[in-house]
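We count ligands from 1, going down the list as the structure has it; atoms in each ligand are counted the same way. A quick note: this is a predicted structure, and the numbers were derived from the prediction, not measured. Numbers here are sequence positions counted from 1.
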Amino acid sequence: MSSLVDSLATLVASARAAVAASQSLAELEILSAELLGKKSVLATSQKSLASLTPEERKSAGASVHETRQILESLLADKRTALEGVALAAKLESEALDLGDVVVGSVRLPVQAGSPGIVALTQVALEDVFVGMGFEVADGPEIETDWYNFEALNIPPAHPARGMWDTFYVDLGEPETVLLRTHTSPTQIHLMREAVRNNSLPIHAVMPGRCFRRDTPDARHLAAFHQIEGLVVDEGITFADLAGVIENFTREYFGPDITSRLRPAYFPFTEPSAEFEITCTICRGDGCRTCSHTGWIELGGCGMVDPAVFAAVGIDAERYSGFAFGFGIDRCAQMRHQIADMRALTENDVRFLRRFS
Ligand code: FA5
């Protein structure tokens, strides 16, 4: 009986060493058969239990059972480890070198992607405004009605809502959550934050994507981009706004492009103006892109309406400010003479290559 227990102890020690030394799953399977199979020391020990007295059989049987569990767990742990090694080796051997793609017998280098013209334009516009002392901020593309309209002095059912044909999101009460129709709600976020943090003045531009139920044509897309500008400080006047617009036009489009401000209406600015530049496609002669006017509207602007200051809790007696919002796609279109804006979304590589 004690010799059986001794031989089981020796078996566990030698099995531990053998399992640790096995290098592959195949080797481990052979070892497993040797340790647990019909002709194994363990099987022979099990058979020898029959010749023991019932008393001896009880304790020797427990030793045999315990030994089997130890061996099985040693083998299982090693199997898991070897499977991990085998998988890593397989993944490495099957890894594709994506640096090259083989087409027929010709090896073509993969073309690296590059930012599109709208993204490049956004960066160029940010650069111009950063050069003029503005910070860059952003805001959410999904807004509540309050941020997109109400806080901007456009209450429910106000006729000016017709200026922005809106995509609503199926969330909450009907028509309370929407895809922002312009970047102007970001003004509201910024002003509320400045009031909360007591961090006025504000000099910021806010680029981002906007959405309208507009039918795509030469100058419109349903998903497009704007860059919003907002300055709130003491003593800001319309002359500051006009100066920024003029400076921006010369910096971005060059000295030979003329701009003009024309009186306009926006509920959140008073007075308001529309900002137009000479159409760069026809140089002012009139063409399909500018609807034969010779001018292209880039955006709107004006002095922040006191009603907007009231909505965000800014003292309109102390502070004044101006805001503007331009189309980024429209700027790209004018700067690069893209006759039809829909080219920006069509992914025609001949067009994309012009800007890569
Ligand atoms: C606005 O969206 C105002 N929020 C601008 C503003 C900001 C005024 C701050 C005053 C103060 P408007 O709807 O005119 O205004 O759009 C401004 C510009 O966005 C347009 O001139 C045009 O350049 C661009 N834009 C508007 N709709 C589209 C469209 N569907 N596709 C491409 N560009 C568009």
Task: Connected via hydrophobic side-chain network under 4.5 Å: Ile236 and Met132 - done: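 Yes, Ile236 and Met132 fall within the same hydrophobic cluster.
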Presence of salt bridge, [Y] and [X], under 4.0 angstrom:
{"X": "Arg283", "Y": "Asp256", "result": "yes"}
{"X": "Arg161", "Y": "Asp145", "result": "yes"}
{"X": "Glu29", "Y": "Arg79", "result": "yes"}

TODO: Evaluate the side-chain proximity of Leu35 to Ser40: yes if any heavy-atom separation is below 4.5 Å, no if none is.
DONE: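 No, too far: nothing below the 4.5 Å cut-off.
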TODO: Report yes if some heavy atom in the side chain of Phe134 is under 4.5 Å from a heavy atom in the side chain of Leu230; otherwise report no.
DONE: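 They are not in contact (no side-chain heavy atoms under 4.5 Å apart), so the answer is no.
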Open item on the list: I'd like the residue list for ligand 1, meaning every protein residue with a non-hydrogen atom under 4.0 Å from the ligand.
Closed with: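 The answer is Trp164, His182, Ser184, Gln187, Arg212, Asp214, Arg219, His220, Leu221, Phe224, Gln226, Glu228, Phe266, Phe268, Thr269, Glu297, Leu298, Gly299, Gly300, Cys301, Ala323, Phe324, Gly325, Gly327, Arg330, Met341, counting any residue whose heavy atom sits under 4.0 Å from ligand 1.
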